Number of protein chains: 2
Amino acid sequence: MARAKRTTKEKLLDAAEKLFARQGYHGTSLRQITREAGVDLALVNYHFGGKEKLFEAVLDRRGAMLNEERLRRLEEVCGAAAPRPAATEAVVGAFFDPILDFLEHAGPGWHSYFSLLAWVNNSPQWGKRLMGKTFNATVKRFIEALMASLPKAAPEDIYWGYNFLTGALTLSLAETGRLDVLSGGLCRSADVAALRARLGPFVAAGLRGLAQRGG
Amino acid sequence: MARAKRTTKEKLLDAAEKLFARQGYHGTSLRQITREAGVDLALVNYHFGGKEKLFEAVLDRRGAMLNEERLRRLEEVCGAAAPRPAATEAVVGAFFDPILDFLEHAGPGWHSYFSLLAWVNNSPQWGKRLMGKTFNATVKRFIEALMASLPKAAPEDIYWGYNFLTGALTLSLAETGRLDVLSGGLCRSADVAALRARLGPFVAAGLRGLAQRGG
DNA sequence: CTTAGACTTCAACGGTCGTTCAATAGACCG
DNA sequence: CGGTCTATTGAACGACCGTTGAAGTCTAAG
């Protein structure tokens with residue numbers, strides 16, 4: 001099989017993705033990235049125009065694909081051809097499942113990407129701008145679908161619920177290894193099947209609980 | 001009123017707390033911290049012995065107080081003098097309320113501290129070691145209490161549930177401002193009362209949903 | 001006042017950072 | 001072959017990093 005050889009740009013994106021995910025933006029140097037990628041230091045500025053541009057390029061590369069897949073699944077559960085209003089479980093499934101599927105069946109690049117995404121999402125200095133640029137449009141569609149699936153909930157409850165939902169997902173993707181330590185090895189953070197079996201039920205039940213708050 | 005003047009150590013801890021929370025460890029320089037604190041650069045090494053020691057001192061300062069308050073409230077709801085097995089809501093309340101109370105009634109230092117804690121908790125490189133050192137003993141007590149409050153749940157479900165619980169809390173403390181943007185200003189991340197009203201119900205319902213998973 | 005000890009200042013160290021640029025190599029086409 | 005454009009190399013720049021040590025200041029006890 002003739003495998004297409006990785007270009008310099010791809011080597012740099014792969015190495016940056018991996019190292020930014022583990023060490024953060026300021027904790028990773030361009031020299032470390034180019035050494036990992038096996039290319040010359042100056043090529044970062046030649047191909048991307050600087051460290052920050054490289055960082056954004058890493059986030060952009062897989063962001064569009066994730067949005068596509070999420071919207072495709074959302075369409076399946078509450079689009080024109082779908083049964084009446086989608087269940088909350090179906091909406092949160094359309095939000096989580098693309099990530100879990102990529103984690104289970106795609107390469108290690110997605111692994112690093114999601115870990116990096118968790119890092120960015122929790123960062124006061126990067127979160128607002130970079131997450132918004134890539135994901136705001138998609139997220140608003142999901143929030144609308146959540147509101148439709150829980151018609152009795154106040155909009156404020158759905159926004160806060162989405163915040164909690166994202167937080168639960170984010171920490172699960174961050175690869176801190178803390179779950180492994182706390183459970184004495186009984187649970188493993190990298191066990192995608194275990195995460196898949198629990199994240200959806202937890203979040204759907206939580207949203208329902210929010211919707212019935214005080215009612 | 002004679003106010004005790006802040007010592008150099010306190011000035012450094014305050015400035016470091018604020019800047020580490022906003023910019024992370026590698027994104028903050030000692031020169032920036034000492035400028036903010038209004039003291040000489042060399043005093044960091046004199047009083048703390050280096051940048052990393054200062055970082056850990058920041059985390060330690062309020063960590064012990066948080067543990068104390070959490071355990072005190074846990075004792076109230078499921079200690080020897082408490083009514084029979086605590087409700088899940090009461091346990092998660094004992095876990096969240098100290099943070100929410102400090103946020104509402106204590107100074108801006110706690111604000112920065114919790115934001116920093118969120119940063120550390122999500123960091124692959126700091127999370128496992130530093131969070132564990134300070135919080136593992138307390139967290140294990142809470143996990144036991146959660147198991148007792150949901151006797152039909154599998155231990156794995158409680159560990160994963162605690163992971164989701166912590167994630168929801170973490171993102172809410174991170175001060176990314178993303179909730180404000182997404183909701184168009186309808187919700188404000190800094191609104192502690194709004195968070196208090198929703199985080200407990202969401203998490204308690206989520207844990208219950210996990211416990212009844214497939215049952 | 002003198003002395004001891006804790007604290008603070010100042011200047012500098014070696015090292016690493018992101019970025020730049022002129023020179024070189026390689027591919028494609030006439 | 002010669003010419004052109006893209007890609008790569010290697011060396012260097014100035015800036016900032018964390019850390020150090022010697023000198024200076026302050027306070028309290030003898």
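Proteins get letters first, then strands, A, B, ... in listed order; numbering begins at 1 in each. Nothing here was measured: the structure is a model prediction, and the numbers come from that model. What you see below is based on every heavy atom in this structure, not just the backbone, and it leaves out hydrogens, waters and symmetry mates.
Here A/Thr8 reaches the OP1 or OP2 of D/dT8: one of its side-chain N or O atoms lies under 4.0 Å away. For the pair B/His47 and C/dT8, the criterion of a side-chain N or O lying under 4.0 Å from OP1 or OP2 is met.
For the pair A/Lys51 and A/Phe20, the cation does not sit on the ring face, since its NZ or CZ is not both under 6.0 Å from the ring centre and inside 45° of the axis.
To the nearest 0.5 Å, atoms CG (A/Leu74) and CZ (A/Phe95) are separated by 10.5 Å.
Between the side chains of A/Ser172 and B/Asn163, at least one donor-acceptor pair of N or O atoms lies under 3.5 Å.
Using the six-membered ring where Trp is involved, B/Trp126 and B/Phe55 have ring planes that are tilted, between 30° and 60° apart.
In summary, the aromatic rings of A/Trp160 and B/Phe202 are positioned with their centroids too far apart to meet the 6.0 Å limit.
D/dC16 atom C1' lies 15 Å from atom CD1 of B/Ile33, rounded to whole Å.
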For nucleotides 9-20 of chain C, give me one character per nucleotide, 5' to 3': B if any protein heavy atom sits under 4.0 Å from the base, S if the only such contacts are to the sugar-phosphate, - if neither. BB-B----BBBB

